[in-house]
Amino acid sequence: MRIVQFITEAAVIAAMYAILTILLVPLSSGQLQVRVAEALTILPYFTPAAIPGLFAGCLIANIFTGEGIFDILLGPLVTLLAAFLTAKMPSKYLAPLPPVILNAVYVGLLLYYTAELPMVLTMVLVAVGETVACYVIGYPLLLLLEKHYEKIFVRK
């Protein structure tokens with residue numbers, strides 16, 4: 001992939017993630033959250049440009065909606081790791097799983113330490129919200145993109 005295409009794809013993905021998170025702020029934060037933008041975390045399954053794109057989008061979104069400086073700094077790193085792992089998933093059925101697991105643990109711990117919420121319950125609730133975003137919204141998106149893969153991701 002040429003560098004201009006790579007940067008453009010990453011920038012578009014970052015913008016989509018940030019905008020979806022910021023516009024849907026009441027849903028995007030808290031103990032029971034469905035961050036709709038997390039549906040985009042299936043994109044590394046198709047394109048490596050999604051890895052830095054999701055990182056940048058999460059960074060921008062967390063500046064506006066995050067749970068303080070730790071979330072601004074650490075949240076995007078968790079998203080980066082989840083995106084990298086998604087790109088390595090051997091099956092489309094497993095592609096949405098890394099963000100569900102990593103965010104359940106990370107956000108659960110973050111809210112435990114910053115908001116003094118019960119850790120295990122918070123992890124479970126975050127996992128439920130992530131499952132909705134990544135499997136209920138993201139997986140159908142993955143199937144749709146898979147049907148149109150050559151038109152969207154393969155460049156001549």
Side-chain angles (χ1 to χ4, degrees), residues 1 6-142 145 153:
M1 179 182 289
F6 184 90
I7 292 170
T8 302
E9 275 188 18
V12 168
I13 292 166
M16 289 189 306
Y17 187 100
I19 289 168
L20 280 171
T21 302
I22 294 165
L23 288 179
L24 300 173
V25 113
L27 291 173
S28 301
S29 301
Q31 190 178 29
L32 182 56
Q33 59 178 270
V34 178
R35 190 176 268 204
V36 175
E38 287 289 303
L40 300 175
T41 61
I42 56 90
L43 292 175
Y45 185 75
F46 296 107
T47 177
I51 297 170
L54 291 168
F55 171 80
C58 182
L59 177 64
I60 294 164
N62 283 6
I63 289 170
F64 292 97
T65 67
E67 292 289 323
I69 191 69
F70 289 113
D71 197 24
I72 293 169
L73 297 174
L74 297 177
L77 293 175
V78 172
T79 297
L80 182 67
L81 178 59
F84 176 77
L85 293 173
T86 296
K88 300 295 182 191
M89 285 293 108
S91 151
K92 66 183 173 187
Y93 306 110
L94 296 174
L97 192 57
V100 172
I101 294 170
L102 292 175
N103 281 304
V105 172
Y106 165 71
V107 176
L109 286 171
L110 176 74
L111 293 176
Y112 171 73
Y113 286 109
T114 61
E116 299 181 1
L117 294 172
M119 183 172 45
V120 174
L121 175 62
T122 303
M123 286 179 179
V124 169
L125 291 173
V126 171
V128 168
E130 278 290 313
T131 300
V132 170
C134 296
Y135 275 99
V136 175
I137 302 169
Y139 189 73
L141 175 63
L142 183 148
L145 292 174
F153 297 107

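Computed from a predicted model, the values in this text were never measured in an experiment.
- Taken to the nearest 0.5 Å, the CG atom of L125 stands 9.5 Å off from the CG atom of L117.
- Shown here for P96 and V100, the closest heavy-atom pair between the two residues is O-CG2, 3.4 Å.
- One finds the OG1 atom of T86 at 8.5 Å from the CD1 atom of I51 (value rounded to the nearest 0.5 Å).
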Starting from the C-alpha separation in whole Å, work towards a yes-or-no answer on side chain to side chain contact (heavy atoms under 4.5 Å, CB included) for V107 and Q33.
CA-CA 10 Å; V107 176; Q33 59 178 270; 3.6 Å; yes

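- Minimum interatomic distance between A18 and A61 (heavy atoms only, all atoms of both residues): CA-CB, 4.1 Å.
- Using a 4.5 Å heavy-atom cutoff, the side chains of Y17 and C58 are in contact.
- Between G138 and I42, the closest heavy-atom pair is O-CG1, 3.7 Å.
- Using a 4.5 Å cut-off on side-chain heavy atoms (C-beta onward), F6 and P48 make contact.
- Contact annotation: the side chain of L59 never approaches that of T79 to less than 4.5 Å [non-hydrogen atoms, C-beta and beyond].
- Here L20 contributes atom CG and L27 contributes atom CG; the two are 11.0 Å apart, rounded to the nearest 0.5 Å.
- A donor-acceptor contact shorter than 3.5 Å is absent between the side chain of Y93 and the backbone of Y139.
- Atom OG of residue S28 and atom CG of residue N62 lie 9.5 Å apart, to the nearest 0.5 angstrom.
- In this structure, M123 and L109 have side chains that are in contact, with non-hydrogen atoms separated by less than 4.5 Å.
- With a 4.5 Å cut-off on side-chain heavy atoms, Y106 and D71 count as touching.
- Taking the side chain as every heavy atom from C-beta outward, L97 and I101 approach each other to under 4.5 Å.
- Separation of atoms OG1 (T47) and CD (E9) is listed at 4.0 Å; rounding is to 0.5 Å.
- Across M89 and A95, no two heavy atoms sit closer than the pair CG-CA, 3.7 Å.
- Within the 4.5 Å cutoff, no side-chain heavy atoms of L110 are placed close to those of L74.
- Annotation for T41 and P99: closest pair OG1-CG, 3.2 Å, computed over non-hydrogen atoms.
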Side chain to side chain contact (heavy atoms under 4.5 Å, CB included) between L145 and L43, worked out
CA-CA 9 Å; L145 292 174; L43 292 175; 3.5 Å; yes

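- V136 places none of its side-chain heavy atoms less than 4.5 Å from the side chain of T131.
- For the atom pair CD1 of I19 and CG of L24, the computed distance is 11.0 Å after rounding to the nearest 0.5 Å.
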With side chain to side chain contact (heavy atoms under 4.5 Å, CB included) as the criterion, how do L80 and L54 come out once you've worked through the C-alpha distance, each side chain's angles and the decisive distance to 0.1 Å?
CA-CA 7 Å; L80 182 67; L54 291 168; over 6 Å; no

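- Atom OH of Y135 is surrounded by more than 12 heavy atoms from other residues, nucleotides or ligands within 6.0 Å.
- Judged by distance alone, with hydrogens and angles left aside, the side-chain atoms of S29 form a donor-acceptor pair with the main-chain N or O of T65 at under 3.5 Å.
- Remark: F46 engages Y149, F153 in a ring-ring contact (aromatic ring centres under 6.0 Å, His included) (not counting sequence neighbours).
- Taking every heavy atom of both residues into account, P118 and T122 meet most closely at O-OG1, 2.5 Å.
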